[in-house]
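Here is the structure we will look at.
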Amino acid sequence: MLGEKKHIDHFLVPLHEILPKEEAEKVMVFYKSPLTAFPKINDSDPIVKQIGAQVGDMIKITRKDATCENVYYRVVYEK
Amino acid sequence: MAIEKMISHIKFSLFSPEMVRKLSAEKLLVPDTYNEDGYPIDGGLVDQRLGVIDPGLRCKTCGGRMRSCPGHFGHIELVRPVIHPEFSRVIYVLLKSTCQHCHHILVKKRQRSVVKKKVKKGEVVPGAADLGIITSKEEAVKALESADEAEAPILGSVPLKDAEKVKKVAICAKCDKPQAIVSFVKPSAFYLGKKQLLPSDVRDWLADIPNEELQELGFDPVYARPEWAIITALLVPPVTVRPSITLETGDRSEDDLTHKLVDIMRINQRLEANINAGAPQLIIEDLWELLQYHVTTYFNNETANIPPARHRSGRPLKTLSQRLKGKEGRFRYNLSGKRVNFSARTVISPDPNISINEVGVPMMVAEEMTIPINVTDWNIEACKKLILSEDYPKALYVLRTDGKRAKVTEKTKQEISDNLTSGSIIERQLCDGDTVLFNRQPSLHRISIMRHKVRVMPGKSFRLNLVVTPPYNADFDGDEMNLHVPQTDEARVEAELLMSVEGQVISPRHGHAIIKPQEDFVSGAYFMTRDATEFTREQACQLLAIANITNLPEPDRGQKYSGRLLFSELLPKDLNLKIKSKLGEVIEIKNGLLLKGSLEARAYENELIEKIFHMHGDQAVRTFLDSSTRMCIFGVTLHGFSVDVSNYTIGEESVKKMEAVASKARKEVDGLVMQFKNKTLERLPGRSLRETLEEKIMAILSRARDASGQIIEKDLGMDNNAIIMAKIGARGSILNAIQMSAMVGQQAVRGKRLTRGYGSRPLLHFKKKSLGADAHGFVSSCFKIGLTPQEFFFHSMGGRESLVNTAIRTARSGYMQRRLINALQDMVVQSDRSVRDSRGVLIQYTFGGDGADPKEVGASRQALEKVGEELEPDD
């Protein structure tokens, strides 16, 4: 149907990146929270699959809002 | 926040009859309460072993007195078991999913193949082993071979939630017996085929289901054996739960629950007597059913398909379920919401002369409410004076250092005052300047509760300044408001810092002023800053004095003072603004001097107030609002400003023009209808011919109203008070003026012309299938002259719709709000600007995605503007 096109290429899908483990550690330290306190995302999520994130990875989502760019973190969980 | 202990789970379970008997302090035998002497009957429903509610008596179980005895449960032995109505659904599911002969789980045939596959793969099927059917692959294969392919079902596991979906199985796998249909008639009757199952039969059936199989059905048999849902021993709550009241006449009036329990016991006794006397089965079953009815209504008197049990007066009894359920139930009425001390409520009325952060408190309220004051070495004399005082600012109570509380009375006050030591606390009456919280329901946003300062006044109503009316959404048609007095220093400081009225001038919703001029105040501001307004020296002095300004500027219009000059005195000296006003002029303020332009509502609230707030802070805004209110209202009062019918009367020429507009519109519509009938009307893209016609007609008619609006504006003009008010945003709108003096316009229901009514026409006064303007709700008359009867009906039709809509909207948005609040209530913006719930789980990394406070967004905008202005060379 869409052939090779991926969801991440769509202009409405914000930037998803896998955070390296050290970076994820830093985020956890910054927010003084254990991994369990972070929002979740299913490993069945098409974008998670496309960027190849594994269960336990932290994903950084950069969104452009009307006022500013903002960052959101999610942790991949098994569905 | 350290979490010391966490609730991991909550378990609800059933009481077994043995547990009920163990829990019970007394087996109740007498279906009565008090004897002739007014003493509780032994073994009656208010037996003294169940706790005490009368002062002076001692509990026969624990020996405690009225307050110290918590009450004890009793029980009633029912001679015949009865189904617990709240569990009848669960019982039904169990009856359906177990065999009526051997009481093992029934399984659908389809599931057999699933089990078969799993067994072939060598997987262990949960439950299969316990049921003794298949434990190994070999056995399974053997069972399958020996069984008749089509008929023999296999047992497996069925979770409770799926059990209801299980269709009846023709034959039980365990005992090979056919199953009759089990049916359930609400609230508590079960049938096996056509034969009714008695509660005792149901009980025996359920008791026979093995524990392991119950587990598979989602039960925990240790805590909830299903046969416990059939009541044999009924737990009776302690008397403290159902206290009786002594009326003035000395009669005792029992609680609804006690009445219900008496009913249950009476029937229970009659049933027992009949059984013992060997009465026919029919009579016994009738009584048994009556017992079931009483037990059912004891738990829930609103059970479906059952007439509610009534009091002698005809009022339905309030039984257990009714005590807990709904808005008036224990949870929402007593636990989520509580009545509080140190609060007052009365009618509100306006007072433009008090400050916006004040609240006028009636003397009656101030005398009743108290504030605790710590007595120290430094204020002990003042405290003594308060204790000894004859009238108003008095101390009402003293809390001595030994913790005892003493009421200050005429007799005791001298002694109390003499013995007063620092370290005690006196409770003095509410005084001017005290911090209080003021609130109007519904409290839809945080500015529905604000901190005010007390101003004690004569009269019986709370007084508030008109400009704080919008955040509370209050008016003075009988509204009441609540007042709370914070009792500790911490509470007061917190209220002052976070909730003060002057700090809430800018709404956190849109960043514009929400505490803003209203009605006459707006008219006054416009009037004061109009070109033509000038005052004599005497008037100018009065105007300035009322606004607390002591310095009279040099007159700018010969001997006279312009309104703008006087108004400018209220503005900060460093205020520079250039605003485009609603009226199309430019309002220019330079160095705190209003040079040109007249103020209207939007310029006032969105620019002036906002800018002063961001530049000079809350106190500056407060004084500005206080004094400008007074000056503007006084100014406009000097001149006089009112509206009457003549403001809505248009000249003859305009009337003729109006008539021309209406008849032209009608003709155009007729023309369109002709085209439609001749099929010469051109279709709009995406519309049917009929829709095209409707759309075009609506366009013509709304154009007609706009045209008449222009005629009106021209005719009435800017020296008409009604038009002035509409244009500056003080009150009313141009549409109001149009409808009153020109034409009401097209009426609509569901956004379309009126069509419903008598078949092919909305009213009988028009020809059938007429498509003209008048036949479908075009009202060309105005309110002042009056509507024709047909027009009147049309207008009512449109009016009904908008009335219904507002009613529905408030109800729906209220419930939506309740749901939102419940979902969001424990989310907190933390100091790192992240939003988290009570478990510390992150919801948002930065509040709102940008961390911006809408209240301050305006400030940065203003700051930017200021930078821009500074770059521009001045003069």
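The chains referred to below are lettered A, B, ... by the order of the sequence lines, with proteins before strands, and numbering in each begins at 1.
- Listed by first and then second residue, the ring pair (Phe, Tyr, Trp, His ring centres under 6.0 Å) pairs that reach into residues 40-70 of chain A come to none, sequence neighbours excluded.
- The shortest non-hydrogen separation linking Leu842(B) to Pro39(A) is O-CG, 3.6 Å.
- By number of non-hydrogen pairs under 4.5 angstrom with chain A, the leading residue of Gly849(B), Gly851(B), Ala852(B) is Gly849(B).
- Residue Ile7(B) places its CD1 atom among 12 or fewer non-hydrogen atoms of other residues, nucleotides or ligands, all under 6.0 Å distant.
- To the nearest 0.5 angstrom, Arg839(B) atom CZ is 12.0 Å from Ser33(A) atom OG.
- A 6.0 Å sphere centred on CD of Glu78(A) holds no more than 12 heavy atoms belonging to other residues, nucleotides or ligands.
- Of all residues spanning residues 16-32 of chain A, those with a heavy atom less than 4.5 Å away from chain B's heavy atoms are Tyr31(A), arranged by number.
- Tyr72(A) pairs by the ring-ring contact (aromatic ring centres under 6.0 Å, His included) definition with Tyr845(B), not counting sequence neighbours.
- Counting only residues at least two apart or in different chains, salt bridge (Lys or Arg N to Asp or Glu O under 4.0 Å) contacts with residues 818-831 of chain B are absent.
- The heavy-atom pair separating Ala37(A) from Gly840(B) by the smallest distance is CB-O, 3.7 Å.
- Taking a 6.0 Å sphere around CZ of Arg509(B), one finds it holds 12 or fewer heavy atoms contributed by other residues, nucleotides or ligands.
- Annotation for Tyr77(A): atom OH counts as buried by contact number, over 12 foreign heavy atoms lying within 6.0 Å.
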